[in-house]
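Lettering of chains follows the sequences in order, A, B, ..., and the numbering in each one begins at 1.
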Amino acid sequence: MRMDVAIIGSGPAGINAAITLAKKQKSVVVIDEQGKVGGKLIGQLHEDPKDGWWIGKQIAEQMKREAEQVGVIFLLQREVWAIEPGWSIKMSGHEDITASYVIVATGAQENPTPVPGWTLPGTLAIGAAQVLNNYERVRPGKRIAIIGVDPLAFTVAQELKLAGADIVGIYLPPEGLFATEKAKPQSTIGYLSTMAHLAPNPWLRLAGSMAKHHFIQKMGSRFYPKAGMKVFGVPLRLRHSIISIEGTDQVEAITTVKLSSEGKAVKNSEESIVVDAVCISGGLVPLVELASSCKTVYIEELGGYVPLHSPEMKTSKKNLYVCGNITGVEGAKVAMEQGKLAALSIVYKMTGDEQLREEVRSQKEEVNRIRAEATITFMPEIMSGRKKMEQMWNEYVHESRDTHDIR
Amino acid sequence: MDCVICRCEEVLLSDIVRAIEDGYTSHREIKLKTRAGMGICQGRTCRLLLDQVIASVSQGPVPKTIGIAPNVPIRPIMLGDLAKGGGKAK
Amino acid sequence: MRIEQHPILGPLNNETVTFTFNGDVYEGRKGESIAAALLANEIRTLRYTAQKNEPRGIYCGIGHCYECRVMIGTKRSVRACITEVVEGMKIQSQGG
Ligand SMILES: Cc1cc2nc3c(=O)[nH]c(=O)nc-3n(C[C@H](O)[C@H](O)[C@H](O)COP(=O)(O)OP(=O)(O)OC[C@H]3O[C@@H](n4cnc5c(N)ncnc54)[C@H](O)[C@@H]3O)c2cc1C
Ligand code: FES
């Protein structure tokens, strides 16, 4: 079949792009390797100070219904393994489809943090814990330890507590080559305090403002209480790291070690704590593999390598657009607005209609407005990351003015 | 601290470090020598880790390929898909 | 481990399905993944590895890592985390 637009990824970005395109009478197909529509949205559950509870599962179901009503076709449980200019989309199961335009909305993935014993059953990536707990409604464990101090760890800690789990603490990862800065008390305290002002997640705000407390800041981490501080009842263990996970057939305990203020393990300070599950949060990185034929740039503030793209979501490849977390790690609401923007940009490109130019312009403003108000932020310097991308795009357009169609 | 890096092929951090010390320094060479990243998930979990080990042991910068080095196809598709080059969806 | 009551999400759907894992009969909830159904029955170890015979279970939860692979009938390498459990399903641990 030949479509106007093929979208890879049915997360909040892809699905909103699809709805917008279908409403403009374009034929559109959304492909996802999962059997469910919604991407990372399905496991999300947090309280928004303005809009109340954000229940990802329900929002995903609503969006799916709306998409089907306006004629979006879903091809689920199909992994896209290549896209070729033209565009031909290669899927598992001997299938392919062609489309004039393609939107890659493959989201972000977790950055793994290896810990000795992390292959033991009961050790989960934090995203798996989120989906099991909030979507499947099965608690990953009764007594849970969390490794990694970041916004997602706080969010999921709160979600696990809501479901009645006992969380023994949020700990630093072991010192070593995989988590150099993230394993140090001092840099973690610094990171938390930079997040405090922009963290509407009440947990993060509290942790951030505690970290900001003048004497902890001034003295670095030396006076950070060794016992940890409690954030809404969960011990935040910035002076302890988990050095291994123990068990025979599944997780039975963690071994922790005390850290000096410089982040060095204190001799003979090992302690064993009984748990039945461990969640590891190593941070998020954009999943760019399918867009790797585009020009890609490294912008740390966005989460790493991302496809170079215009403020209208166009990439360096003809008729290939991106939206959502593949362009930088942010919350679901921003991804939704980026999806609409990518769709409007494509419709404008197809029709050249002046009315659409205006719609694209106002949607760009909407993305910025939602970003500024975001209640969940993963990258503290996201705004400057976005500015860098715009500059890089402008330079790219300038350099390649004669060879590319850059409308 | 030793631990599993490639879960699929059961490759330890120490296996990778030894390979690098033996002179297998590129992502590709290490993969072929240790089988790290050659298992059923096609390196989706350990690719980022492998790059970090290389950078750390060789004391160089994290390779520019980080996260964007997947070969086409990007997924462990059935060989049949590749042979047929795809077919038309309904 | 099932979250029957939830302060925000309310009560849980209680339609059940019956399935087997390595020959033993278990109950799951309609619509849930194989991984969730097994975890709800306190089963975390889904298989042992080929070389070192180490236990493995669900890790990424979104179909990327293949750690949760099981056999359904004669079909190998089915990912328990993204496959729905259905009435009468026969699930087996997969070596390797
Ligand atoms: C573990 C985790 C937890 C998160 N928790 C929160 C949270 O609590 N709150 C919040 O606001 N944000 C959270 N985020 C950020 C999240 O990425 C955004 O909220 C939002 O879901 C991004 O939307 P998206 O559409 O860009 O991508 P996603 O929602 O990630 O959707 C991408 C989709 O693309 C599909 N896909 C990828 N590659 C392929 C392929 N090759 N073939 C076929 N399909 C493919 C995936 O299956 C997925 O369904 C989390 C992210 C992660 C990784
Ligand atoms: S747990 Fe990773 S694929 Fe199922």
For C/Glu67, which residues count as a side chain to side chain donor-acceptor pair (under 3.5 Å) partner, sequence neighbours excluded?
-> B/Arg7, C/Arg47, C/Arg56
Ignoring hydrogens and geometry, is there a side-chain-to-backbone donor-acceptor pair from B/Glu10 to C/Gln51 under 3.5 Å?
-> yes
Crowding at NZ, C/Lys52 (>12 non-hydrogen neighbours, <6.0 Å) = yes
Nearest heavy atoms of C/Cys65 and B/Cys41, plus distance in Å = O-CB, 3.6 Å
Hey, are the side chains of B/Ile40 and C/Ser77 touching, using non-hydrogen atoms and a 4.5 Å cut-off?
-> yes
Has C/Tyr26 got more than 12 heavy atoms of other residues, nucleotides or ligands less than 6.0 Å from its OH?
-> yes
